[in-house]
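What you are looking at is a predicted structure, and each value in this text was computed from that prediction instead of being measured. In what follows, chains carry the letters A, B, and so on, assigned in the order in which the sequence lines appear, proteins first and then strands, with residues in each chain numbered from 1.
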2 protein chains.
Amino acid sequence: MAATIKDIAKKAGVSMSTVSLVLNRKGYVASETKQRILSIMQQMDYKPLRSARKLATQKTGNIGYILWEGHFSEVEMFYSQVFLGMEYAARKNDHYILLTTVKEEFDPKENLPRFLRYNDVDGVALAGRVPHALIEYLDNQQLPFVLIDYELPGKNYNCVKIDNYNGAFRAVENLINAGRKQIAFVGGTFIHPSIKDRYRGYKEALEKYNLIHNDYLKKNSYCEDVETSRAIGEKGATKLLKKNPAIDAVFCCNDTTAMGVISGIQKSGKRIPQDIAVIGFDDIPPAKFNSPKLSTIQVPKLDIGKEAYKLLCEIMNNPSRAPQTRTISVDLIVRESSY
Amino acid sequence: MAATIKDIAKKAGVSMSTVSLVLNRKGYVASETKQRILSIMQQMDYKPLRSARKLATQKTGNIGYILWEGHFSEVEMFYSQVFLGMEYAARKNDHYILLTTVKEEFDPKENLPRFLRYNDVDGVALAGRVPHALIEYLDNQQLPFVLIDYELPGKNYNCVKIDNYNGAFRAVENLINAGRKQIAFVGGTFIHPSIKDRYRGYKEALEKYNLIHNDYLKKNSYCEDVETSRAIGEKGATKLLKKNPAIDAVFCCNDTTAMGVISGIQKSGKRIPQDIAVIGFDDIPPAKFNSPKLSTIQVPKLDIGKEAYKLLCEIMNNPSRAPQTRTISVDLIVRESSY
DNA sequence: AAAATATATTAAAACGTTTCGATAAATCAA
DNA sequence: TTGATTTATCGAAACGTTTTAATATATTTT
């Protein structure tokens, strides 16, 4: 059947050890022998057997990618794209990525992903709002892990995050520079730290330009303590316009919400962007198919995945290093819902 | 460190073979011994090491899931959901699923997924419109594979498909029963056999009710030879309404297209569903957030994944069996864009 | 010229399983 | 009772790598 390292060794007239050395670019081997071995490998179409390799090295060669089930089932392609970024990066190395989902109600004793139950990964990426019990479990197990776009208030974990604050700040600043005065915010639950940061960016941009007087924020912001959705965007827009008909711009905590906000505004009869400008956050694919096309903060999802992979590899190589946070910067894209 | 089979054997006072037998539910082992071994395993938290196991059994325990990159990057959550269905099913067994994407321009010599290059999977699921060269490669390699929602005209491969014909037929029949007379079709490239079948279902439903006269089909159908998108839906609707203002229903080849068609109709000033009813196909998540909510043919994506997994397992166990096609049935869901 | 170091190669052990064939006791069929 | 079959257990080989320590030669340093 398939050629083994033994076959290669025999044909090259060397020992298995030597073949292994050239395979792993280790130790000393005469360049003439090396060439001979390499060409024989090529010729015999030799592929080292992963399980044998892994058995000998005591590594799994796998990385887990755990996603909250809600993120995967919903409209959001966000975390799928991040996954793809990781997959691209991992292609260059010897890593396979095992993707699975967990439910919100999570108990490490009951529904632990099987690759964790069987110790089949060297490290894990946790995408989005993942159960705290899971994070603690990994921390206790001393298994290297990276949080993606999620931070725990008290704790200090390795993390790759979006520059939510500056993205929001820039979006609102852009609206202000375009002459908007009554700029609203529509968001979901603040449990997710990103949304909190986006709100902070919104607020501080307004502060910088001295726009906040009296009950400005109360009049102009709408947040419901639930997962964001198109529906709460629509509801939020309707309610805000009733409270303050002078609103001339809305900054939304994400695109899904923004698309709802746009529906709400359209129903009210106001025009976008002439009467009211709308800016979202994330740049999910539907954003550019919306009508009007959504202005938004573009976040480079593939890059996030790539960076998460790099960080994870570093942690796996040096597990005792102090945790660090890496921030991925974002850009404003102006389409049709603002100018 | 972690307990091995040797530790268990020693503690239980038996040989490694015996432990292995109970681990694999094979051969004969006294129920008393078995219980003892099992409880020791429990107690020592024994987890058989995958790489050792795989080395001994000469299997990889992995399944590949290959997706055309376009399907993954676009709005479509369809194949991600199918993946999730497979993942659910695989959780019960010893299989990991390795997800990767391939580009349309594909050359087995250049950009073969790494788990194929290194023979790291026991079987493969191919989702959607995947390069023919890849399919042929797998066929030549004699590697078990299943096509998901895709068939090759001449060839006869293992396949799990949606009942596209009957779904379309039922949608159109429903429109006819609701009194619609001028029923249009909007679609994309017929390269994808599903779309062809959906068109056939549309046509034969019209035939059954004797609605096709003269240039009915020519007047009422719009297809562009490109991948489907919201844009071609919108364009199609606009053009069709110009050609035949009497159109009172549109059956679309999928939801993405349907959402475009709805935009197009809305711009023309006609009302949905009073003036024109619209039905899509797939029931992708955005369908129910659209305005109006989209009536569509719901396809059980998780079930497709599950069935694909089951079929693939059967093939892997019995590679010489004649290829078979399994058809997953679908249901009409009436929301707001028809009645 | 001797000692130290760098280069090149290898044999054998180790990694943790499964499985084959052997052995022996217990049960069954005649 | 004898012979055949079923039940129960085990030792050892096999799976295909990596790695350690040993050996030998070549090169550099003193």
Chemist: Could you list the protein-to-nucleotides 4-7 of chain C atom pairs, N/O on both sides, closer than 3.5 Å?
Modeler:
unit_1, atom_1, unit_2, atom_2, d
C:dT7, OP2, A:Y28, OH, 2.7

Chemist: Assign a letter to each nucleotide of nucleotides 10-26 of chain C from its 5' end: B, base within under 4.0 Å of a protein heavy atom; S, sugar-phosphate only; -, no contact.
Modeler: BBB--BBBBB-------
Chemist: I'd like a table of donor-acceptor pairs (distance under 3.5 Å, sequence neighbours excluded) in which one partner is a side-chain atom from residues 26-41 of chain A, with atom names and distances.
Modeler:
unit_1, atom_1, unit_2, atom_2, d
A:T33, OG1, A:A30, O, 3.1
A:R36, NH1, A:A12, O, 2.3
A:S39, OG, A:R36, O, 3.3

Chemist: For A:Y309, give me all partners under ring-ring contact (aromatic ring centres under 6.0 Å, His included), at least two apart in sequence or on another chain.
Modeler: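 A:Y309: ring-ring contact (aromatic ring centres under 6.0 Å, His included) contacts with A:H95.
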Chemist: Who are the ring-ring contact (aromatic ring centres under 6.0 Å, His included) partners of A:F83, not counting sequence neighbours?
Modeler: A:Y65
Chemist: Regarding A:R53 and B:S51, do their side chains bring together a donor and an acceptor under 3.5 Å, going by distance alone?
Modeler: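 A:R53 vs B:S51: no donor-acceptor pair found between side chains.
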Chemist: Determine whether A:E87 and B:T100 make a side-chain contact, defined as any pair of heavy atoms from C-beta on separated by less than 4.5 Å.
Modeler: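 Heavy-atom side-chain distance check passes, below 4.5 Å.
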Chemist: Going by the side-chain hydrogen bond (donor to acceptor under 3.5 Å, both in side chains) test, which pairs reach into residues 299-308 of chain A, not counting sequence neighbours?
Modeler: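 Residue pairs passing side-chain hydrogen bond (donor to acceptor under 3.5 Å, both in side chains), neighbours aside: A:E307-A:R326.
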Chemist: With a 4.0 Å cut-off on N to O distance, would you call A:R50 and B:D120 a salt bridge?
Modeler: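 Salt bridge flag = yes for B:D120 with A:R50.
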